[in-house]
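All chains are named by letter (A, B, ...) in the order of the sequence lines, taking the proteins before the strands, and each is independently numbered beginning at 1.
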Amino acid sequence: MQEALRQGWRGDTMIERIYSDRLKPEMHGSRVSIAGWVQEKRKLGGLLFLLLRDRGGVVQVTLPKKQVSQEVFETAKKLSRESVVVVRGVLQAVEKAPGGVEVVPESIEVLSSSASPLPLDPTGRVPANLDTRLDHRVLDLRKPQVAAIFRVRSALLHAARSHLLGEGFIEVHTPRIISTASEGGTELFPVSYFEREAFLAQSPQLYKQMLMATGFDRVFEIATYFRAEEHDTIWHLNELTAIDCELSFISDHEDVMDVTEGLVHAMLRGIEEECQKELELLGAELPEAGKIPRISYEEALEMLEEHGFSLSFGEDMSTEAEKRLGEIMGEQGYELYFIKDFPLEAKPFYTMPGGDKLSRSFDLEFRGREVVSGSQRIHTHELLVERIKACGLRVENFQNYLEAFRYGMPPHGGFGMGIERFLMLLLGLSNIREAALFPRDRFRLQP
RNA sequence: GCCCUGGUGGUGUAGCCCGGCCUAUCAUACAGGACUGUCACUCCUGUGACUCGGGUUCAAAUCCCGGCCAGGGCGCCA
């Protein structure tokens, strides 16, 4: 695999090609085959340049009229921008060529010719609105800066997965189609399930907890979830991706924060190691991956108070307060920090109470925005039933879930991290839609 | 769900406040032409737009009302 990436793919059924970033001046005189999209064409009468873009970058194809066959010259002259071609020719080390190399073609095979005009400029020189970009997302994704977001996303998930597996977690997949709401609160998308109504999963919460009663001990799931909220902001998607973890035999939520912290560090390390080029392209700076401070909700209130921002206990932190706290922590050099011990009333029914009117819960904040939410969960049947009632939910709706707590459930806790949100903050994207390939929002169902 | 802003060629914009000199600006793209070292090539020629419906007015891209669409904020959350 690694070798294949270095050389370009080879094989009987594949078109032989080498990626543009593997072409070096030392290879002067060798015959090469490159394939990709015609990004630009410059005609200078008897001399014609093509800029060919592939996964590795852009390479110049040069056609001096007198050095190439008339047929090849005519083919090149007629090419429309963004057509897909295979160019076979001789590599030349030429100082005045971009990158110091160019290919003088012996043949140009047009695999697919592009229609024109293009609905947006794939080089990004002429800007396009996000809406236009998303309408023509395939062309938009040809821009290196846009593609870079998804290379980082892939590296991020890869790092998370290998870290968690290394920490003894097993990867699971819980149902996407559910019969009732997992936690109330958010709206669900109804789906028709034969003769019944069912819903798309909003989170794996109840299932990952049930798995704690099996002895799997530590599980994680990377999957998409669906929220029918009619919110329409730069922070929300109706289809989102999350990393969810749940682990058993914990003492309290501090143990869960330890795991969260380890995961975040591993993800940052993974990107740091694999995505230097992408980070540079996006102008993104990773946060310091030191010890992540843990402040309590009450301490957070005090800090806000000191900076002239008054909130009463129990009051949910507003977006503005959250942002302000992000600034305060940022001034102290912390872009990442936990807020823990939230008021119980602000948290879902399965959250373990702790202290007076408090809970054993936490959020991980990143630059003033919540990216992870977690807690120790209630593991006793009686307390759970009591809390379900106290939250105004119907115990009958949770029979299967509750059964898992009747025959031996260890103390446990976990968290969920929104990938798009995290990626957005990490890369400084201005809209969460940029972090999803084909985002689903209140009004967008296509492409 | 509530609040605010906007909609001009394929794309991105100027013009709108203060209606008429708009036969609508500029860039890029597209078509044709000239050019053998371009690198956002350059130069010449050309094609291409006022979101839709209604109203005010002698006159509407410009003012008013409504629809549709988009952008942003709040609430809620990841």
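- The residue A:Gln60 sits close to a base: some heavy atom pair falls under 4.0 Å.
- Figure legend: cation-pi geometry between A:Lys340 and A:Phe362 absent, as NZ or CZ is not positioned both under 6.0 Å from the six-membered ring centre and within 45° of its axis.
- With hydrogens and angles ignored, no donor-acceptor pair under 3.5 angstrom links the side chain of A:Arg227 to the base of B:C76.
- In this structure, A:Glu102 reaches the bases: a heavy-atom distance under 4.0 Å links it to at least one base atom across the strands shown.
- Distance from the side chain of A:Val126 is smallest for B:U11 among the nucleotides B:U11, B:G73, B:A78.
- Remark: P of B:C77 and CZ of A:Phe226 are 21 Å apart, rounded to the nearest angstrom.
- Computed from coordinates, the A:Arg442 CZ to B:C2 P distance equals 11 Å when rounded to whole Å.
- We find that CG of A:Asp363 is positioned 10 Å from C1' of B:C77, with the value rounded to whole Å.
- Atom CG of A:Leu79 and atom P of B:C30 are 13 Å apart (whole Å).
- Taking the P atoms as reference points, B:C76 lies 49 Å from B:C30, given to the whole Å.
- Counting non-hydrogen atoms under 4.0 angstrom, A:Leu48 reaches nothing in the nucleic acid.
- Using a 4.0 Å heavy-atom distance criterion, A:Asn431 is classed as a sugar-phosphate-only contact.
- Under a cutoff of 6.0 Å and an axis angle of 45°, A:Arg137 and A:Phe438 do not form a cation-pi pair.
- Relative to the side chain of A:Asn129, the nucleotides B:A78, B:G12, B:A70 differ in distance, and B:G12 lies closest.
- Separating the CG atom of A:Leu445 from the P atom of B:A70 is a distance of 12 Å, rounded to the nearest angstrom.
- Looking at heavy-atom distances under 4.0 Å, A:Pro98 makes contact with a base.
- The side-chain heavy atoms of A:Val61 and A:Leu51, taken from C-beta on, include no pair separated by under 4.5 Å.
- Closest to the side chain of A:Pro127, out of B:G1, B:G75, B:G12, is B:G12.
- Picking from B:A78, B:G10, B:A70 the nucleotide with the shortest atom distance to the side chain of A:Phe443 gives B:A70.
- Within 4.0 Å of A:Asp131, counting heavy atoms only, lie sugar-phosphate atoms of the nucleic acid but no base atom.
- Between A:Asp21 and A:Arg55, no side-chain nitrogen of the basic residue sits less than 4.0 Å from a carboxylate oxygen of the acidic one, so the salt-bridge criterion is not met.
- Whole-Å rounding puts the A:Leu44 CG to B:U38 C1' distance at 5 Å.
- Within 4.0 Å (heavy atoms only), A:Leu51 reaches no atom of the nucleic acid at all.
- If you check every strand for non-hydrogen atoms under 4.0 Å, A:Arg369 touches a base.
- With a cut-off of 3.5 Å on both Watson-Crick or G-U wobble distances, the partner of B:G75 is given as none.
- Remark: B:G6 base-pairs with B:C69; criterion is Watson-Crick or G-U wobble with both hydrogen-bond distances under 3.5 Å.
- Looking at heavy-atom distances under 4.0 Å, A:Ala128 makes contact with sugar-phosphate atoms alone, never a base.
- A sub-4.0 Å separation between OP1 or OP2 of B:G12 and a side-chain N or O of A:Thr132 is present.
- Looking at the side chain of A:His236, the nearest of the listed nucleotides B:G75, B:U28, B:A29 is B:G75.
- The C1' atoms of B:G19 and B:A59 are separated by 8 Å, rounded to the nearest whole Å.
- With B:C74, B:C77, B:A78 as the candidates, the nucleotide lying closest to the side chain of A:Glu370 is B:A78.
- We find that A:Arg360 and A:Asp252 are not joined by a salt bridge, their nearest charged nitrogen and carboxylate oxygen being 4.0 Å or further apart.
- The distance between atom CG of A:Asp135 and atom P of B:G10, rounded to the nearest whole Å, is 14 Å.
- For A:Ser116, the side-chain atoms get nearest to B:C30 when compared with the rest of B:G71, B:C30, B:A78.
- When the nucleotides B:G37, B:C30, B:U11 are ranked by their closest atom to the side chain of A:Pro117, B:C30 comes out on top.
- Distance, A:Phe49 CZ to B:U42 P: 14 Å, rounded to whole Å.
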